[in-house]
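Here the structure comes first, spelled out in structure tokens, and everything after it is commentary.
Each ligand, and each atom within it, is numbered from 1 in the order the structure gives.
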Amino acid sequence: MSTGSGITGGAAPPRQVILDCDPGIDDAMAIAFGCGHPALELRGITTVAGNVSLELTTANALAVLDFAGRGDIPVVAGSPAPLLRPVLDGADVHGESGLGGARLPPAGQRARAGHAVDFLIETIGSAPGEIVLVATGPLTNIALAVRREPRIVSQVADFVIMGGSAGRGNITPAAEFNIFWDPEAAAVVFGAGWRVTMAGLDVTLQALATAEVRERMAGLGRLGSELLLPVLGGYRRQVELPGGDPPVHDVCALALVTEPGLFGCRPARVEVETAGRLTAGMTVTDFDAAGPNALVAESVDVSGFWDLVLGAYARLPAAGVPASRPPQP
Ligand code: RIB
Ligand code: CA
């Protein structure tokens with residue numbers, strides 16, 4: 001595991017990333033960012049159920065990669081359900097397909113055979129100190145991987161999640177969705193001995209896709225008209241969109257890997273509540289504790305964030321193809 005901040009930006013060789021995700025509107029936008037930014041090389045995508053079923057999250061990951069021109073990146077499916085609890089579906093937020101209003105062509109390629117947990121263990125173990133593991137969905141695959149092969153905790157270059165909150169939750173007053181979906185898995189992950197860089201709601205609800213941002217997306221050809229804007233427009237539940245501007249939670253996790261200087265983070269001890277009737281999934285965050293196990297992101301340079309993200313999107317082939325219909329920002 002890295003000794004310093006572990007996360008560096010700049011002209012270094014691309015950061016090798018495995019993204020474990022549950023596409024999902026914002027997961028899809030994170031995948032597109034990962035495909036577009038030259039400082040990142042997606043070594044693979046592993047999928048977990050969460051926003052929608054495993055079958056749909058896997059199909060969505062394949063479709064977004066294909067649309068982004070990166071059908072070469074392997075996708076490996078993982079856990080269809082939490083470790084202990086019943087499946088909770090997020091289609092009320094992400095739409096029945098999981099991609100909001102986007103209707104992407106089905107991917108040409110299929111998911112790779114095998115299980116996500118084995119892909120994670122084998123790929124990370126084959127390149128100790130090189131792979132940044134990023135998780136933007138429930139942590140079920142990650143928990144199973146650290147249980148099956150504890151050495152990955154020291155083999156990763158860094159471990160970054162979108163999840164949790166030092167303050168209010170979004171699926172309950174106490175818990176954020178990814179953690180709430182599988183609190184036992186999250187407890188295993190936060191207790192595994194590595195440092196978890198946590199891009200939680202404290203920071204992700206600052207990076208909203210305002211009308212100005214959506215206007216800039218409208219200038220990105222088919223990428224804007226067929227992915228970014230319809231995906232964003234498909235957020236169903238407005239609980240997080242008081243002003244109507246949608247958050248892009250998961251993109252923050254990859255942006256943190258790419259340009260950490262845009263974020264303000266503090267060390268903390270984070271423990272996951274698993275027993276509370278009202279507080280299950282709460283990430284209890286103590287910034288004063290000795291022996292921190294997490295780096296908690298609390299602030300972001302919003303203008304710099306959107307320049308970074310939209311700059312990466314502009315590099316994708318689909319951004320250069322004129323939209324077939326006028327985009328609706
Ligand atoms: O709470 C936001 C998180 O839950 C994001 O990862 C979103 O995709 C959903 O999974
Ligand atoms: Ca997600």
If we set the cut-off at 4.0 Å for heavy atoms, which region of Asp250 has an atom near ligand 1: side chain, backbone, both, or neither? side chain
Angle between ring planes, Trp194 versus Phe159, binned at 30° and 60°: parallel, tilted or perpendicular? parallel
Name the option, out of Leu201, Asp26, Ile25, Ile171, that contains the heavy atom nearest to atom 7 (C) of ligand 1. Asp26
Within the 4.5 Å heavy-atom criterion, are Arg214 and Asp245 side-chain neighbours or not? yes
Given the Ca ion (ligand 2) as the apex, I'd like the angle to OD1 of Asp22 and OD2 of Asp27, rounded to 10 degrees. 70°
Suppose I only count heavy atoms of Met162 and a 4.0 Å limit; which atoms of ligand 1 are within that range? 2 (C), 3 (C), 5 (C), 6 (O)
Which angle, to 10 degrees, forms at the Ca ion (ligand 2) with OD2 of Asp250 on one side and O of Thr136 on the other? 90°
Show me which atoms of ligand 1 lie under 4.0 Å from any heavy atom of Asp27. 8 (O)
Determine whether the side chain, the backbone, both or neither of Asp22 has a heavy atom under 4.0 Å from any heavy atom of ligand 1. side chain
Any N/O of His249 closer than 3.5 Å to an N/O of ligand 1? no
Polar side-chain atom of Asp182 near backbone of Pro138 as donor-acceptor pair, under 3.5 Å: no
Hey, is Thr204 touching ligand 1 through its side chain, its backbone, both or neither, going by heavy atoms under 4.0 Å? neither
By number and element, which atoms of ligand 1 are closer than 4.0 Å to a non-hydrogen atom of Glu176? 1 (O), 2 (C), 3 (C), 4 (O)
With a cut-off of 6.0 Å (strictly less than), are more than 12 heavy atoms of other residues, nucleotides or ligands near CD of Gln109? yes
How would you list, by chain and number, every residue that makes a side-chain contact (heavy atoms from CB on, under 4.5 Å) with Ala314, sequence neighbours excluded? Leu220
Show the atoms of ligand 1 that are less than 4.0 angstrom away from any heavy atom in Asn170. 1 (O), 2 (C)
Distance under 4.0 Å to a non-hydrogen atom of Phe177: what atoms of ligand 1 satisfy this? 1 (O), 4 (O), 9 (C), 10 (O)
Taking 4.0 angstrom as the limit, do Asp288 and Arg269 come out as a salt bridge? no
Checking Asn178, Thr57, Asp27 against Asn51 for side-chain hydrogen bond (donor to acceptor under 3.5 Å, both in side chains), the one that qualifies is Asp27
Counting C-beta onward and ignoring hydrogens, is there a side-chain heavy-atom pair between Ile179 and Ile171 closer than 4.5 Å? no
